[in-house]
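Read the structure below first, then the notes.
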Amino acid sequence: MQQNAPSSEPIVSLRDVQKSFGSLRVLDGVSFAVARGEVLALIGRSGSGKSTALRCIDRFEKVDGGEIVVCGHRVDRPDVNLRALRQDVGIVFQSYNLFPHLTIEQNITLAPCAVKGMASSHAKDLARKVLAQVGLEEKLHAYPEQLSGGQQQRAAIARSLAMQPKVMLFDEVTSALDPELTGEVLKVIEQLAADGMTMVMVTHEMGFAKGIADRIVFMHRGKVHETGPASILTSPTTPELTQFVGTGNLKS
Amino acid sequence: MSLQLDFPAVLERWPSFLAGAALTLELAFFATVLGALLGTVAAVGRGTHNALIAGACKVYVETIRNTPLLVQIFLVYFGLASLGLKYSAFTVAVAALTINVGAYTAEIMRAGFEAIPRGQIEAAEGLALSRLQIYWHIILLPAIEKVYPALTSQFVLLMLASSVCSQISAEELTAVANYIQSDTYRAFETYIIVAVLYVILSLVMRAGFWGLGLLLFPRRRRLGTPL
Ligand SMILES: Nc1ncnc2c1ncn2[C@@H]1O[C@H](COP(=O)(O)OP(=O)(O)O)[C@@H](O)[C@H]1O
Ligand SMILES: [Mg+2]
């Protein structure tokens, strides 16, 4: 197996992954690996297959071919233990998806209690801790609709962190936010990266990707078109990436 | 032509009216609780990937929604009797009303389930919650909340429709009324009183559902959003 960090097994690895929706081939032989502590940014035009690739990692989509290994789980196999996989993987979506009928605290404690059997008092301590991590301690007893979009997204990140995942997946988590609210969310992700969290993120924030990502995967028409360190954003080699970063996508 | 009303002659039977009203409320209570459970299970069943279960739930819902309540009551009543099973009129009435309101509840709950955004379920799946946990913690209450007015109206309608249980001589309010009017020859007065009592029962039920709503949906209470 080829991998970037020979020192340890990759946390996430995709090898020649194929995925079609009907006759539309969305992933056409996608391969990449993420080592422990690494931050990988998936970039590319809308419709290039970024979200699908990310969703395959947490098996929200079943692949048609190829191999996906995540924290030792063979995700491409039909007999994968979904609930074990999802305890190791945290995923945050563009639309936050906090549970509206539960307080922020209940949103966070639900899965640790229900899935891991954590005692409620322990889970509440944990909720305080992860909320502090995203700077929202004072919102413990608020309901999601009482929070701004940026705060809701930070709470959603905290909810994921409470499951103590080994890898976090982010799918354009700032795209639904007003520009003045993206900063507070990106800061939280930056801090996570600094703390050594392994992350795969789909993002349109090129300046952010450049600053935080250890590796960039540029997707184009369902393929990994160009990949390398963040510096490829400033000196791309393929015409497609050149055009992509040239069309105003690279703000810093 | 003059209208002569003699309420005192009828009103002196108030203990019977009260007993009838109490029994109607009791019928409605049991049928509501059991029907809510049955209907929710049927709604979940209709949404499963198991074609046999989904089909069975659909046949149940459609059969009930396309036959008269009185016929359903007779089917349960004479069906049990022909099997040699002897149950009280009250039990038969509760069973038939439960089966009836369960089907309508299933349709309403299905609409509630379908109104839950896909993203809510994916977020819950991403947190490793099981199918059952997702229904219980994520889907059920918000679904009920979305259809609560329709659901509670259905249960009030059920209480009113329970008057046909007089046909199998369950001693509910309408049966009591039939008995009193044939006794006193004061039919108009009797049914005026009965109508007033049904209105009061409806109000009692609506007040009950309002209180239950406060308990079930604490967010509404906290944020002051009306149902
Ligand atoms: N569930 C689906 N069913 C059918 N087509 C889909 C589905 N999800 C995504 N697609 C299609 O697959 C392509 C890639 O989508 P996506 O992975 O979301 O791209 P990106 O995230 O890069 O914008 C798009 O053409 C999209 O319309
Ligand atoms: Mg996308």
Side-chain angles (χ1 to χ4, degrees), chain A residues 51 54-55 57-61 73 81-104 106-117 141-147 152-153 155-165 168-171 176, chain B residues 36 40 43-44 48-50 108-109 111-152 209-227:
Chain A
S51 294
L54 196 79
R55 290 166 59 83
I57 295 173
D58 210 7
R59 210 169 192 267
F60 280 108
E61 308 291 352
H73 305 284
N81 183 341
L82 264 188
R83 296 189 65 201
L85 167 72
R86 287 170 177 169
Q87 286 185 56
D88 288 338
V89 181
I91 185 162
V92 182
F93 303 93
Q94 181 179 326
S95 50
Y96 346 126
N97 297 328
L98 291 172
F99 307 127
H101 60 302
L102 302 178
T103 63
I104 298 303
Q106 292 167 332
N107 262 276
I108 294 172
T109 56
L110 175 61
C113 292
V115 176
K116 294 183 167 176
H141 299 296
Y143 283 96
E145 68 192 86
Q146 295 175 290
L147 271 54
Q152 288 193 45
Q153 192 57 289
I157 294 171
R159 180 176 68 179
S160 251
L161 289 176
M163 286 298 277
Q164 289 158 328
M168 290 280 290
L169 312 177
F170 296 96
D171 191 358
Chain B
T40 304
V44 172
T48 61
H49 295 300
N50 184 321
I108 297 171
M109 284 303 293
F113 288 155
E114 278 168 7
I116 303 299
R118 180 85 204 117
Q120 289 284 305
I121 295 160
E122 287 198 341
E125 286 173 347
L127 290 165
L129 293 167
S130 69
R131 201 80 221 126
L132 202 67
Q133 288 170 334
I134 293 174
Y135 260 114
W136 184 246
H137 293 290
I138 308 305
I139 299 180
L140 191 58
L141 269 185
I144 292 175
E145 188 176 339
K146 283 183 201 293
V147 296
Y148 198 64
L151 216 45
T152 55
F209 284 125
W210 179 79
L212 184 64
L214 291 183
L215 280 179
L216 286 178
F217 315 121
R219 172 172 113 266
R220 300 266 181 175
R221 200 170 64 225
R222 270 264 305 278
L223 305 185
T225 26
L227 270 171

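Chain A is the first sequence line, chain B the second, and so forth, proteins listed ahead of strands; every chain is numbered from 1.
- Of all heavy-atom pairs spanning B:A123 and A:F99, the tightest one is CB-CE2, 4.2 Å.
- A:H101 approaches B:L141 most closely through the heavy-atom pair CD2-CB, 4.2 Å.
- Annotation: maximal heavy-atom pairing with chain B below 4.5 Å, among A:L85, A:L98, A:T103, occurs at A:L98.
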Apply side-chain contact (heavy atoms from CB on, under 4.5 Å) to residues B:L223 and A:E145 and explain how you reach the verdict. CA-CA 9 Å; B:L223 305 185; A:E145 68 192 86; 3.2 Å; yes
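- Residues B:A128 and A:R83 approach most closely at O-NE, 2.7 Å, considering heavy atoms.
- Distance alone, capped at 3.5 Å, places no donor-acceptor pair between the A:R86 side chain and the B:L127 backbone.
- For B:Y135, the ring pair (Phe, Tyr, Trp, His ring centres under 6.0 Å) partners at least two apart in sequence or on another chain are B:F113.
- In this structure, B:R219 CZ and A:L102 CG are separated by 9.5 Å, a value rounded to the nearest 0.5 Å.
- When heavy atoms are compared at a cutoff of 4.5 Å, A:V89 approaches chain B solely by way of its backbone atoms N, CA, C and O.
- Minimum heavy-atom separation, A:F60 to B:E122: CZ-O, 3.3 Å.
- Atom OH of residue A:Y143 and atom CZ of residue B:R220 lie 11.5 Å apart, to the nearest 0.5 angstrom.
- With a 4.5 Å cut-off on non-hydrogen atoms, B:P117 does not touch chain A at all.
- Although no hydrogens or angles enter the test, the distance criterion places a donor-acceptor pair under 3.5 Å between the side chain of B:Q133 and the main chain of A:A114.
- Heavy-atom distances place no part of A:P165 under 4.5 Å from chain B, backbone and side chain included.
- Neither the backbone nor the side chain of A:L82 comes within contact range of chain B, judged by heavy atoms closer than 4.5 Å.
- Under the salt bridge (Lys or Arg N to Asp or Glu O under 4.0 Å) criterion, B:R131 pairs with B:E125, sequence neighbours left out.
- B:H137 places no side-chain N or O within 3.5 Å of a backbone atom of A:A111 that could act as its donor or acceptor partner.
- In this structure, chain B has a heavy atom under 4.5 Å from the side chain of A:Q146, while its backbone stays farther away.
- Using a 4.5 Å cut-off between heavy atoms, A:R159 touches chain B through backbone and side chain atoms alike.
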